[in-house]
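All chains are named by letter (A, B, ...) in the order of the sequence lines, taking the proteins before the strands, and each is independently numbered beginning at 1.
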Amino acid sequence: GENVEQHPSTLSVQEGDSAVIKCTYSDSASNYFPWYKQELGKRPQLIIDIRSNVGEKKDQRIAVTLNKTAKHFSLHITETQPEDSAVYFCAAGFQKLVFGTGTRLLVSP
Amino acid sequence: EAGVAQSPRYKIIEKRQSVAFWCNPISGHATLYWYQQILGQGPKLLIQFQNNGVVDDSQLPKDRFSAERLKGVDSTLKIQPAKLEDSAVYLCASSPTLGTTAGGYTFGSGTRLTVV
């Protein structure tokens with residue numbers, strides 16, 4: 001089955017800096033790679049996603065890149081703000097999603 | 001559109017007791033998922049339904065967990081008897097179709113279970 005690894009587990013940046021979170025997956029059949037943001041005590045919220053036929057996707061300050069050959073994908077957040085502080089999960093799958101272990105992002109003013 | 005509804009929001013039970021969680025997916029969503037999220041970890045799939053049929057329950061501890069989705073709409077997840085390690089948030093999610101062609105899941109607010 002699919003296995004998703006996520007790094008780093010914790011990431012601290014200064015406001016305005018960029019943040020990068022990386023994930024690897026194992027199942028070449030996976031064709032969908034979403035990223036979720038989860039604030040404390042709340043449900044995971046989809047922030048951006050990418051499909052296997054696309055290499056990069058951008059939405060304002062957030063971008064995701066996918067390297068199918070290497071089986072890894074990354075989340076890039078530019079010009080970070082304190083409200084970006086949360087836990088971020090990557091996921092990969094085809095008929096179901098398997099989630100990574102999460103990255104706690106802390107943006108300091 | 002209305003979101004995924006879950007109840008209760010919180011539940012505290014003693015070990016060896018039973019508990020049930022309810023989920024109502026987004027109207028028209030054929031696929032429903034139950035995930036278990038232990039504190040500090042990512043969500044782990046317990047069971048996946050397509051309409052009222054089970055697609056994947058390979059990670060469901062069937063000696064104590066059961067789930068059903070009668071009529072292909074609402075779903076109930078039950079734990080009997082509960083163990084301390086079952087303390088977690090139980091998230092329900094739905095998607096329009098089987099597979100990820102239609103995009104990501106929509107999650108409910110979850111039920112936070114504490115077993116003491």
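Counting non-hydrogen atoms of neighbouring residues, nucleotides and ligands closer than 6.0 angstrom, the NZ atom of B:Lys15 reaches no more than 12 such neighbours. The 12-atom threshold is not exceeded at CD of A:Glu79, counting heavy atoms of other residues, nucleotides or ligands nearer than 6.0 Å. Environment of CD1 in B:Ile12: sparse, with no more than 12 heavy atoms of neighbouring residues, nucleotides or ligands closer than 6.0 Å.
The contact list for residues 78-87 of chain B toward chain A, using heavy atoms and a distance under 4.5 Å, is empty. Heavy-atom neighbours of chain A within the stretch residues 109-116 of chain B, taken at a separation under 4.5 angstrom, comprise B:Ser109, B:Arg112.
Here the straight-line distance linking atom OH of B:Tyr33 with atom CG of A:Leu97 works out to 6.5 Å at 0.5 Å rounding.
Per-residue counts of heavy-atom pairs under 4.5 Å with chain B were compared for A:Tyr36, A:Phe89, A:Phe99; the largest is that of A:Phe99. Taking A:Pro44, A:Gly102, A:Ser9 one by one and counting their heavy-atom pairs under 4.5 Å with chain B, the maximum is reached by A:Pro44.
For chain B, no part of A:Gln6 is nearby; none of its heavy atoms comes within less than 4.5 Å.
No chain of hydrophobic side-chain contacts below 4.5 Å, direct or via other Ile, Leu, Val, Met, Phe, Trp or Tyr residues, connects A:Val87 to A:Ile21. Placement of A:Phe73 and A:Phe94 in two distinct hydrophobic clusters is found when ILVMFWY residues are connected by side-chain heavy-atom separations under 4.5 Å, directly or transitively.
Contact detail for B:Leu45 and A:Lys96: the closest heavy-atom pair is CD2-CD, 3.4 Å.
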